[in-house]
Amino acid sequence: MKLPFMPLRFYNTLTQQVQPFEPLDGPGPGTTVRMYTCGPTVYDFAHIGNFRTFVFYDLLRRWLRADGYKLDHVMNITDVDDKIIRNAVAQGKSLGEYTDIYTKAFLDDCATLRLERPERIARATEHIPQMAAAIHKLEEHGFTYRSDGSVYFRIGKFPEYGKLSHNDFSGMVSGARVDVDEYEKSDARDFALWKAPKEGEFAWDTEIGPGRPGWHIECSVMAIQYLGSTLDIHAGGIDLVFPHHENEIAQSECLTGKPFSRFWVHSEFLLVDGQKMSKSLGNFYTLRDLFGRGFTPESVRYLLASVPYRKGLNFTFDGLKSAQTAIERLRNFKFRLDSAKLPEGVNETLITQATAAVAEFRSAMDDDLNTAEALGAVFEFLRHANTALDAGEFHTGNLDSARRLLALFDSVFDVLNPTAQTGGLSEEEVEQLIAARAAAKKSRDFARADQIRKELTEKGIVLEDTKDGVRWKRKS
Ligand code: AMP
Ligand code: ZN
């Protein structure tokens with residue numbers, strides 16, 4: 001199938017349209033994309049609902065690069081907020097002692113899920129003077145007012161308030177204010193930029209007085225500091241559109257007078273029985289929970305990546321098992337390519353099919369990261385190629401194009417190489433592979449025997465050939 005050329009495009013929450021992606025410095029390749037993504041609040045272990053959003057950031061990064069862009073990506077760590085302060089005080093810990101535990105766990109989990117590290121990770125508490133300076137500037141320009149030592153942003157001063165969440169806030173009550181960071185859309189109010197110290201709480205001494213920053217100002221200040229007044233992409237989970245991102249826009253645009261971000265992209269929720277997976281509902285799983293049940297990091301990654309980010313994704317254990325099965329199919333195919341004895345020559349039909357699959361994969365990903373369609377192209381080719389392999393019609397000349405498709409797939413999905421420690425092979429699977437290796441040796445197919453041994457080693461299984469047969473153990 002010949003596909004018409006369509007550029008990379010994303011659904012922009014700001015315009016409510018799918019638009020061709022064009023960074024401030026012009027289209028790629030070679031242009032650096034300035035991207036800011038809202039990171040975790042480190043008050044507890046992140047759950048896989050959170051990780052749906054972080055996997056989405058990773059896909060975004062990887063696909064921008066596949067399209068020739070360079071990246072300057074900043075992600076924040078919110079290491080001060082109401083919950084953190086409450087928990088740290090209750091445990092008699094300093095803020096840093098408390099948040100370090102969850103920051104480390106988060107970064108470890110990201111690495112386990114193969115999430116690329118942003119170019120910069122910015123902790124809120126390391127930018128307090130800059131936040132105070134920004135609030136001071138907003139005060140000087142009349143966008144704020146004070147009450148009991150706290151500083152509030154007066155949303156009535158920003159006529160475009162509501163342009164991201166597409167709400168008409170014209171009927172809002174002037175001067176009504178809110179101190180908590182998260183609140184309902186129907187409840188648009190002046191929000192706290194700076195919170196006065198409370199008895200027994202942590203506070204910073206700054207040029208605007210003692211206290212601590214509100215959540216929204218953190219992101220505006222760190223984004224502008226590292227990426228400039230106008231970002232190319234700002235991303236987050238869909239729940240951040242209001243109030244967090246709406247408030248970020250108001251503060252930032254009042255500070256700089258420039259549009260804050262060209263593209264706003266938001267990922268939908270991971271759901272459980274139709275409800276958002278969340279700490280408060282108690283319907284969540286952490287990665288540790290899932291690994292404890294024998295699932296691999298790759299199957300979690302694949303599951304979270306396989307549904308396009310703007311569709312809700314219902315989490316089930318069956319879904320996770322299907323992800324594992326899909327990965328096995330892909331790995332088996334790769335294994336066949338690496339080990340099968342192929343006839344010389346080339347199967348032209350299969351070359352055409354591989355080329356089409358690459359084009360379809362690219363065009364699906366360019367279409368607002370349609371990962372489901374991209375996967376469809378890969379599996380369709382796998383069906384053709386496996387049939388050809390079975391029939392002895394897959395030739396040596398077909399290897400390169402098939403491998404190119406797998407490499408493109410894995411540059412985004414990154415699941416083909418098993419994670420060593422949690423290879424997750426059951427005893428039965430290990431025994432089956434050992435039997436297949438013995439059979440290969442018997443038929444003098446030593447390449448295949450070696451390949452199986454290598455695969456087992458990669459999955460953390462060590463073989464020992466003894467005179468009584470093969471013994472195996474798991475690497476500790
Ligand atoms: P938090 O640590 O609560 O600030 O959340 C970190 C990120 O996870 C935010 O971008 C949220 O939008 C996102 N998030 C929270 N719950 C879910 C969920 N069930 N599905 C997808 N993303 C979520
Ligand atoms: Zn943010």
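Values reported hereafter were calculated over all heavy atoms of this structure, with side chains retained and with hydrogens, waters and symmetry mates removed.
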Colleague: Using the salt bridge (Lys or Arg N to Asp or Glu O under 4.0 Å) rule, pick out the option among Asp82, Asp81, Asp179 that qualifies with Lys195.
Modeller: Asp82

Colleague: Looking only at atom types and distance, does a side-chain atom of Lys279 sit under 3.5 Å from a main-chain N or O of Phe45, one as donor and one as acceptor?
Modeller: yes

Colleague: When you measure from the side chain of Arg331 to the backbone of Leu416, do you find a donor-acceptor pair of N or O atoms at a distance under 3.5 Å?
Modeller: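 Pair found, side chain donor or acceptor close to backbone of Leu416.
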
Colleague: State, without any angle test, whether Asn314 and Thr316 hold a side-chain donor-acceptor pair at a distance under 3.5 Å.
Modeller: no

Colleague: Report the residues that fulfil side chain to side chain contact (heavy atoms under 4.5 Å, CB included) with Arg310, sequence neighbours left out, ordered by chain and then residue number.
Modeller: Tyr11, Val18, Asp368

Colleague: Above 12 or not: heavy atoms from other molecules or residues under 6.0 Å from NZ of Lys83?
Modeller: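 More than 12 heavy atoms, drawn from other residues, nucleotides or ligands, come within 6.0 Å of this atom.
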
Colleague: The criterion is side-chain hydrogen bond (donor to acceptor under 3.5 Å, both in side chains); which residues satisfy it with Asn12, sequence neighbours excluded?
Modeller: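 Only Gln19 meet the side-chain hydrogen bond (donor to acceptor under 3.5 Å, both in side chains) criterion with Asn12.
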
Colleague: How far apart are the C-alpha atoms of Phe153 and Phe158, what are their side-chain angles, what is the distance that settles it, and do they pass the ring pair (Phe, Tyr, Trp, His ring centres under 6.0 Å) test?
Modeller: CA-CA 10 Å; Phe153 184 91; Phe158 184 61; 7.0 Å; no

Colleague: Would you call Phe54 and Leu304 a side-chain contact if the rule is heavy atoms closer than 4.5 Å?
Modeller: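 No, their side chains stay 4.5 Å or more apart.
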
Colleague: Are a donor atom and an acceptor atom from the side chains of Thr419 and Arg114 found within less than 3.5 Å of each other?
Modeller: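 Per modelled atom types, Thr419 and Arg114 side chains form a pair under 3.5 Å.
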
Colleague: Parallel, tilted or perpendicular: which fits the ring planes of Phe409 and Phe361, with parallel below 30° and perpendicular above 60°?
Modeller: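 Perpendicular, since the angle between the ring planes exceeds 60°.
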
Colleague: Ignoring hydrogens and geometry beyond distance, is a side-chain donor-acceptor pair present between Asp289 and Thr286 at under 3.5 Å?
Modeller: yes

Colleague: Do Asp25 and Thr31 have a side chain donor and acceptor closer than 3.5 Å?
Modeller: no

Colleague: Examine the side chains of His73 and Glu116 and answer whether a donor and an acceptor come within less than 3.5 Å of each other.
Modeller: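 Result is no, nothing qualifies.
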
Colleague: Kindly determine whether Phe317 and Tyr285 satisfy ring pair (Phe, Tyr, Trp, His ring centres under 6.0 Å), including the steps that lead there.
Modeller: CA-CA 11 Å; Phe317 284 102; Tyr285 295 95; 5.2 Å; yes

Colleague: Pick from Asp58, Asp414, Asp410, Asp109: which one makes a salt bridge (Lys or Arg N to Asp or Glu O under 4.0 Å) with Arg301?
Modeller: Asp58

Colleague: Does anything in residues 372-384 pair up under side chain to side chain donor-acceptor pair (under 3.5 Å), and if so which pairs, sequence neighbours excluded?
Modeller: Asn370-Glu373

Colleague: Where the side chain of Arg177 meets the backbone of Ala192, is there a donor-acceptor pair that is under 3.5 Å apart?
Modeller: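 No: the side chain of Arg177 does not pair with the backbone of Ala192.
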
